[in-house]
**Student:** 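Following this message is one structure expressed as structure tokens.
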Amino acid sequence: MIPQDSSLSANSIPAPLRSFTRKEAERLSELRQRFHLPGEHFERVIDERRLEFARWLVEHQRLGEC
């Protein structure tokens with residue numbers, strides 16, 4: 001994770017992220033944190049995706065009440 005202290009040098013940024021600007025590296029780090037949250041978050045995301053897919057099936061008449 002990128003340290004939040006902006007006074008730190010570029011060497012504090014992990015090597016794989018050094019080819020990005022500091023702002024890009026921070027954004028990538030935030031995204032990584034978001035997708036590495038505990039299981040409850042993932043369950044919620046999976047449930048939302050399933051509901052979206054079910055809605056799509058109904059809208060495209062691929063799934064009915066039967």
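Along the sequence shown, the residues carry numbers beginning at 1.
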**Student:** May I ask you to decide if T21's main-chain N or O and E24's side chain share a donor-acceptor pair within less than 3.5 Å?
**Tutor:** yes
**Student:** Let me check something: do L63 and F53 share a hydrophobic cluster, defined by ILVMFWY side-chain heavy atoms less than 4.5 Å apart, either directly or through other members?
**Tutor:** yes
**Student:** Test salt bridge (charged side-chain N to carboxylate O under 4.0 Å, His left out) on E26 and R22 and set out the steps.
**Tutor:** CA-CA 6 Å; E26 288 172 353; R22 183 167 191 85; 3.5 Å; yes
**Student:** Is E52 salt-bridged to R49, going by a charged N under 4.0 Å from an acidic O?
**Tutor:** yes
**Student:** Please determine if E48 and R44 form a salt bridge, counting it only when a charged side-chain N lies under 4.0 Å from a carboxylate O.
**Tutor:** no
**Student:** Rounded to the nearest 0.5 Å, what separation is found between the CZ atom of F20 and the CZ atom of R27?
**Tutor:** 13.0 Å
**Student:** Check the pair R32, L28 against side-chain contact (heavy atoms from CB on, under 4.5 Å), reporting the backbone distance first and the verdict last.
**Tutor:** CA-CA 6 Å; R32 183 176 186 197; L28 287 169; over 6 Å; no
